[in-house]
Amino acid sequence: MTFSDLVETVKDLSIEEKEQLQMLLKQYLREERREEIYDNFELARAEEQRGELKYSADITELKRSIEE
C-alpha cells in the first residue's frame with residue numbers, strides 16, 4: 001500500500017474512526033520521541049563513561065565545541 005492509498009483510505013473513514021486514528025498517531029509519536037530521547041541519553045552516558053564528554057560554563061568554549 002502506498003502513502004497515497006493510505007491517505008485515500010483514511011479519507012473514507014468515519015469521523016469517529018479518524019479521531020481514534022489521530023489519537024493513536026499522537027500516542028505512537030510520543031512513544032517514538034521518548035525512545036529517541038532515551039537512546040540519546042544512553043549514548044551520552046556511554047560517552048561520559050569513556051571520558052568523551054566535555055563540560056564548560058564558558059560560552060566561547062561551548063560555541064567552539066559545537067563547531068567541531
Side-chain angles (χ1 to χ4, degrees):
M1 176 180 273
T2 66
F3 181 76
S4 38
D5 292 338
L6 179 61
V7 170
E8 289 301 315
T9 301
V10 169
K11 285 171 64 175
D12 293 336
L13 296 175
S14 69
I15 292 174
E16 292 83 13
E17 290 171 322
K18 288 175 187 171
E19 288 173 343
Q20 186 176 12
L21 180 59
Q22 180 183 29
M23 183 184 67
L24 287 170
L25 286 171
K26 285 181 180 181
Q27 180 181 339
Y28 297 154
L29 289 168
R30 274 193 308 269
E31 290 171 2
E32 286 183 29
R33 182 65 180 133
R34 281 189 192 117
E35 288 176 22
E36 182 182 359
I37 291 168
Y38 181 76
D39 290 344
N40 287 334
F41 165 74
E42 287 294 322
L43 286 171
R45 184 191 305 190
E47 287 177 5
E48 181 179 32
Q49 289 174 349
R50 291 189 306 265
E52 296 173 354
L53 285 184
K54 298 176 185 176
Y55 300 95
S56 176
D58 179 2
I59 190 71
T60 305
E61 188 176 331
L62 288 171
K63 286 180 182 178
R64 193 176 318 120
S65 70
I66 289 173
E67 292 171 356
E68 291 177 353

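Index from 1, following the sequence.
V7 belongs to a hydrophobic cluster with F3, counting contacts under 4.5 Å between side-chain heavy atoms of Ile, Leu, Val, Met, Phe, Trp and Tyr, direct or through other members.
Taking NZ of K26 as the start and CE of M23 as the end, the distance is 10.5 Å to the nearest 0.5 Å. The line from CD of E31 to CD of Q27 is 4.5 Å long, rounded to the nearest 0.5 Å. Atom CD of E35 and atom CD of E42 lie 12.5 Å apart (nearest 0.5 Å). To the nearest 0.5 Å, the span separating CD on E19 from CG on L13 amounts to 11.5 Å. The structure places CG of N40 at 12.0 Å from OH of Y38, a figure rounded to the nearest 0.5 Å. Note that the NZ atom of K18 and the CG atom of L21 stand 10.0 Å from one another [nearest 0.5 Å].
Between E48 and R45, none of the side-chain N atoms (NZ, or NE/NH1/NH2) sits under 4.0 Å from a carboxylate O, so this pair counts as no salt bridge. Checked for salt-bridge contact, R64 and E61 miss the test: no charged N lies under 4.0 Å from a carboxylate O.
Counting non-hydrogen atoms of neighbouring residues, nucleotides and ligands closer than 6.0 angstrom, the CD atom of Q20 reaches no more than 12 such neighbours.
Side-chain contact, E32 with Y28: no donor N or O sits under 3.5 Å from an acceptor N or O.
Listed here is the closest heavy atom pair of M1 and T9: CE-OG1, 4.0 Å.
Under the 4.5 Å side-chain heavy-atom criterion for grouping Ile, Leu, Val, Met, Phe, Trp and Tyr, L24 is not connected to I15 through any hydrophobic cluster.
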